[in-house]
Chemist: 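The structure follows.
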There are 2 protein chains.
Amino acid sequence: MSTIPTATISRLVTYLRILTSLENQGIKNTSSEQLAEEAQVSAFQVRKDLAYFGRFGTRGAGYTVPTLRRELRRILGLNRPWNVAIIGMGRLGQAISDYPHFEQYDFSLKACFDNNAKVIGQTMSGHQVYGMDALPQVVKEKGIDIGFLTVPQAAAQAAADALVAAGIKGILNFAPVVINVPREVHVEPVDFLAGLKRVSFYIINPGLKEELA
Amino acid sequence: MSTIPTATISRLVTYLRILTSLENQGIKNTSSEQLAEEAQVSAFQVRKDLAYFGRFGTRGAGYTVPTLRRELRRILGLNRPWNVAIIGMGRLGQAISDYPHFEQYDFSLKACFDNNAKVIGQTMSGHQVYGMDALPQVVKEKGIDIGFLTVPQAAAQAAADALVAAGIKGILNFAPVVINVPREVHVEPVDFLAGLKRVSFYIINPGLKEELA
DNA sequence: GCAAAGGTGTGAAATTTTCCACAATTCATT
DNA sequence: AATGAATTGTGGAAAATTTCACACCTTTGC
Ligand SMILES: NC(=O)c1ccc[n+]([C@@H]2O[C@H](COP(=O)([O-])OP(=O)(O)OC[C@H]3O[C@@H](n4cnc5c(N)ncnc54)[C@H](O)[C@@H]3O)[C@@H](O)[C@H]2O)c1
Ligand SMILES: NC(=O)c1ccc[n+]([C@@H]2O[C@H](COP(=O)([O-])OP(=O)(O)OC[C@H]3O[C@@H](n4cnc5c(N)ncnc54)[C@H](O)[C@@H]3O)[C@@H](O)[C@H]2O)c1
């Protein structure tokens, strides 16, 4: 249990999504084989990924969809409420604040921040926009855990510093830049420009595509 | 040279971004040490990543910023024009079509598609919206290489199939689902909900954070 | 022109991650 | 109750990736 591959965590998220879809279809049982096929990995991989956290199936029988789903939610910490805030209410920040699927799990958008006087105080998608100076207090009062960083690249590090100082625990970084934070804060990049460039590379290097059964 | 780690490609994108920033600051020379620090990896890693593709530095002296930048652009295929299309002109599709930084490299948005009669024929951010039935012809006529998939999860596989049938070479998949495409088409997921769930996991498991010098 | 300092490129070791074979267990059928 | 088919959990092999040490080159200072 000392160390778990990052890729395993990404795959657990995928398995959970598949289980949710199976549950919505009323399917009660599944197998590593079925999960593997839908997640496009090997069945060995599915079982190994789960084995990092315990035993969730029955030999010979497979997995029970609701049970495994509940376990994965617990493992990923999705069985508890998370309060999030958006920093940077430009185009992307607004699009995200409008996005309904948040509450699917227990994420709730609790506050929006910007440093532009023109938007501070306005209401966007039902949320009042705070100035950056209110960040420490609002984060504390509303118990905000996670920040969505949707400011321009040039402002990203400063805004991240402010989030860290306010005591935030995790950051979803949409800005195309590597930000520097203390060890105890977890940053997940969500970088579509980087993805676009990787697509470019793999198109001109078709030989380097990973194999798949 | 037979196989290059996926992570290496992601890091090359980061190095390129750093080099661009250094060039904008008028800095002419750099080192694996400096790139490593800004990219938050080890200097060994930087040199090994570059070594997959050739020798770009001078021993004892380091790297010349414009030279290495040019080489990385070439390696990543960013020294040529790419034509892209957006499939799904909802909130996210519109936000992206508005985004100016595309043309920074040679990506140009050539067409937008949707299957909703209410938006087909409209102009959004200066682009006419086509129906999905026009996809094969438009992709061919405009030489579209890459598709941004911004349709709802439930429509993602069908839309991806249509893109593949039209002869697209790469897909940036913004929908929170694993899509199935033939080997020769490269898909990059851009999945902020997955990122959010990973943040959740790492917040409740602070011991599992990767080390860094 | 020599020595010292700085810094790349790379083969090999170490580590991490994936792959696999198979023992163990369950379920269905007779 | 016994047999056969199905499917998990896991130790260890294999493969992939990262880390490292160091030979080798360049520049600077004296
Ligand atoms: N628009 C897109 O489609 C898109 C897609 C992916 C990623 N991104 C990235 O997301 C980020 C935001 O993009 P955008 O298009 O929404 O930009 P935008 O310019 O529309 O919005 C940025 C917002 O951040 C605010 N801001 C600037 N500095 C700030 C600071 N120091 N503190 C707080 N707020 C600050 C601005 O007032 C503005 O409201 C950029 O880094 C961009 O690269 C954008
Ligand atoms: N809105 C966000 O902030 C956000 C952020 C990240 C990811 N996403 C993901 O991006 C996708 C789109 O999100 P959105 O919020 O823009 O949704 P949306 O409902 O606003 O837009 C979806 C668009 O796709 C079109 N569409 C539906 N089926 C189609 C089909 N078969 N072919 C072509 N077009 C079709 C619809 O007409 C609509 O215009 C979703 O998968 C969502 O999960 C959204």
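Chain A is the first sequence line, chain B the second, and so forth, proteins listed ahead of strands; every chain is numbered from 1.
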Chemist: Side chains of S108(B) and W82(B): do they bring a donor and an acceptor to under 3.5 Å?
Modeler: no
Chemist: So, T8(B) versus R11(B): side-chain donor-acceptor pair below 3.5 Å or not?
Modeler: yes
Chemist: CG of L50(A) versus P of dT18(C): gap in Å, rounded?
Modeler: 13 Å
Chemist: Before giving the answer on side-chain hydrogen bond (donor to acceptor under 3.5 Å, both in side chains), spell out for Y15(B) and D49(B) the whole-Å C-alpha distance, their side-chain angles and the decisive distance to 0.1 Å.
Modeler: CA-CA 10 Å; Y15(B) 306 152; D49(B) 286 338; 2.7 Å; yes
Chemist: Could you list all N or O pairs between the protein and nucleotides 19-22 of chain C that sit under 3.5 Å apart?
Modeler:
from, atom 1, to, atom 2, distance (Å)
dC19(C), OP2, Q45(A), OE1, 3.4

Chemist: Classify the ring geometry between F53(B) and F201(A) as parallel (under 30°), tilted (30 to 60°) or perpendicular (over 60°).
Modeler: perpendicular
Chemist: Do Q94(A) and D98(A) have side-chain atoms, one donor and one acceptor, less than 3.5 Å apart?
Modeler: no
Chemist: Please state how far atom CZ in F56(A) lies from atom C1' in dT10(D), giving the value in whole angstrom units.
Modeler: 14 Å
Chemist: May I ask you to say what A43(A) touches in the nucleic acid, namely base, sugar-phosphate or nothing, with a heavy-atom cut-off under 4.0 Å?
Modeler: nothing
Chemist: Please state whether the phosphate of dT7(D), meaning OP1 or OP2, lies under 4.0 angstrom from any side-chain nitrogen or oxygen of S32(A).
Modeler: no
Chemist: To the nearest Å, give me how far apart OH (Y63(A)) and C1' (dT25(C)) are.
Modeler: 13 Å
Chemist: Report the relative orientation of the aromatic rings in F192(B) and F148(A); use parallel for angles under 30°, tilted for 30 to 60°, perpendicular for over 60°.
Modeler: perpendicular
Chemist: State whether the side chain of D114(A) and the backbone N or O of G88(A) hold a donor-acceptor pair below 3.5 Å, judged by distance alone.
Modeler: no
Chemist: Would you mind reading off the distance between D49(A) atom CG and dT8(D) atom C1', rounded to a whole angstrom?
Modeler: 14 Å
Chemist: Can you measure from CG (L196(B)) to CG (L76(A)) and round to the nearest 0.5 angstrom?
Modeler: 11.0 Å
Chemist: Does G62(A) or A7(B) map to a spot on DNA chain D nearer the 5' end, using the closest nucleotide for each?
Modeler: G62(A)
Chemist: Please report, rounded to the nearest Å, how far the P atom of dT16(C) is from the CD1 atom of I9(A).
Modeler: 15 Å
Chemist: Can you tell me the distance, in whole Å, between the CD atom of E33(A) and the C1' atom of dA5(D)?
Modeler: 15 Å
Chemist: What is the distance, rounded to the nearest whole Å, between atom CG of L68(A) and atom P of dT8(D)?
Modeler: 10 Å
Chemist: Please encode protein proximity along nucleotides 24-30 of chain D as a string of B, S and -, counting only heavy-atom distances under 4.0 Å.
Modeler: BBS----
Chemist: For K110(B), is there an ion pair with D145(B) - N to carboxylate O distance below 4.0 angstrom?
Modeler: no
Chemist: Can you check the L35(B) CG to dG7(C) P distance for me, whole Å?
Modeler: 12 Å
